[in-house]
Protein chains: 2
Amino acid sequence: MSIRNPKQALYEQFAIVAKALGHPLRLEMIEHLAQGSRSVEALAAKLGQPVGNISQHLQALRRAGIVSAERDGKFVHYSLSDASVLSAFAAVRGVAQRQLAEVDRIVRGYFDARDDMRPVTRDELQALMRDGLVTLIDVRPADEFALGHVPGAINVPLGEIKAWSGSAVASREVVAYCRGPWCVMSFEAVAALRSLGHSARRLEDGMPEWKAAGLPVEMTDRWR
Amino acid sequence: MSIRNPKQALYEQFAIVAKALGHPLRLEMIEHLAQGSRSVEALAAKLGQPVGNISQHLQALRRAGIVSAERDGKFVHYSLSDASVLSAFAAVRGVAQRQLAEVDRIVRGYFDARDDMRPVTRDELQALMRDGLVTLIDVRPADEFALGHVPGAINVPLGEIKAWSGSAVASREVVAYCRGPWCVMSFEAVAALRSLGHSARRLEDGMPEWKAAGLPVEMTDRWR
DNA sequence: TCATCATTCAATTATTCTGTTGAGTGACGA
DNA sequence: TCGTCACTCAACAGAATAATTGAATGATGA
């Protein structure tokens, strides 16, 4: 092994963190863990991956200090170590969004840009909710909703959008949110609602950002 | 190639950016480019690396949208694409700093923590400079100083610290800064000055952060 | 104590990344 | 026009990373 000066040693440490963020699956894992703690098995099920593979990637994230493990009987629950992980993820997303044309292309290809896709900001949402002007729906699966959601939000998982929209007042605007600013579920929810004749917009980002902003969170369960 | 849904495609784009940050040499390149534009050759010389290797890494950074190239005659000058790159780097450093014990160990091993290593903030420095209470030295090489420095700073490259300290007033506190919050040169400068009987502290971060904060910058040259 | 379950570890193969070398390109000046 | 210079590209060997498999480990409960 070559002799390393402290400068190189520091860069190596920083690179460990960045390298751990440098895999699509690990980023997806981080986005899920940002919703709340998960066991290895639960995370594997969410991502449709073999448990062994997820365990491997969790070790990589743990070595980089990105996630922490906590044993609870037979289960090991993983969670993000620190809110700084979310800002690092957000910063990486920011670079990609500004500099990689491909990101723009994907979003536009997925959600027709000619529609008004201007998202609702958190401040706007709070005002609209206070005045009772909108219906807020959380389109994540029920288990994630249970781990924490925006007060006043109704849980309408993506598959239930159509059924729910029948019972909703069509004239009232709907705001949808999910896991984060690029989570596709809220894009899909807005597209579905619009095709069903509703007025709908996305919240600019998701639950983890809401929580990180220090806003109130309603919770049902701790695990799972 | 497997069919990718938009979610996976987005994660892949984000991973491209993070992966590009995931190599010590590329991080060092980013820190140098944050001081100002550089030709491939100049950057290679700074890092003591073969030109071919640096060119390769620059391509990787360019594919990730982190740096941009601008041809100028025979030379190609590279620079950071966007200020968001610096925040991504800072966010990654933040995670490493909070979560990796090794980072703390390196800093402590390098610079005895029993000394007062509390850094000077930018605001503090501005007040101290306004009142004429401290001498501010920029310990980067002369070429980097020329590309932009804090108004009122004196350029004292690391090798010239000892000679300079003889001519400086020993009773006056010295504040040193260099390339960024973890740039070792200012640590070394402070250590050297203290061993020579001066009172010295580091600025909490370096030139790129000063500039990013919108504070005034003095400049001599554009290139090189 | 044993069987079971959740997770980790070790070993394997396929893939990707690194650094190096040398050839190729584009711009400049003699 | 030719040689030189700065840089890029292609190709290669060696190293690291990824996903898979099956065997260990550690906790639980019968």
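Reminder, nothing fancy here: chain letters follow the sequence lines and each chain counts from 1. Hydrogens, waters and symmetry mates play no part in the numbers below; they use all other heavy atoms, side chains included.
- A 4.5 Å side-chain heavy-atom check between B/Leu125 and B/Leu215 finds every atom pair outside the cut-off.
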Name the pairs: protein N/O against N/O of nucleotides 11-15 of chain C, kept only if under 3.5 Å.
none

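- One interatomic measurement links the two molecules: CD of B/Gln59 to P of C/dG19, which rounds to 15 Å at whole-angstrom precision.
- Shown here are the ring-ring contact (aromatic ring centres under 6.0 Å, His included) partners of B/His57, two or more places apart in sequence or in another chain: B/His23.
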Could you list the donor-acceptor pairs under 3.5 angstrom formed by side chains in residues 155-162 of chain B, with sequence neighbours left out?
| residue | atom | partner | partner atom | Å |
| --- | --- | --- | --- | --- |
| B/Asn155 | ND2 | B/Asp138 | O | 2.9 |
| B/Asn155 | ND2 | B/Arg140 | O | 2.9 |

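- Each of A/Val175, A/Leu136, A/Val217, A/Ile137 was compared with A/Val150 under the side-chain contact (heavy atoms from CB on, under 4.5 Å) criterion, and only A/Leu136 meets it.
- The side-chain contact (heavy atoms from CB on, under 4.5 Å) search around B/Ile16 returns B/Gln13, B/Ala64, not counting sequence neighbours.
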For nucleotides 22-30 of chain C, 5' to 3', base contacts (B), sugar-phosphate-only contacts (S) and non-contacts (-) with protein non-hydrogen atoms under 4.0 Å give -----SS--

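- Taking for each of B/Val76 and A/His57 the nucleotide of DNA chain D with the nearest heavy atom, the 5'-most of the two is the partner of B/Val76.
- Scanning DNA chain D 5' to 3' for nucleotides with an atom closer than 4.0 angstrom to a non-hydrogen atom of chain B gives a first and last hit of D/dC5 to D/dA11.
- Whole-Å rounding puts the A/Glu70 CD to C/dT7 P distance at 13 Å.
- Using a 4.0 Å heavy-atom distance criterion, B/Arg26 is classed as a sugar-phosphate-only contact.
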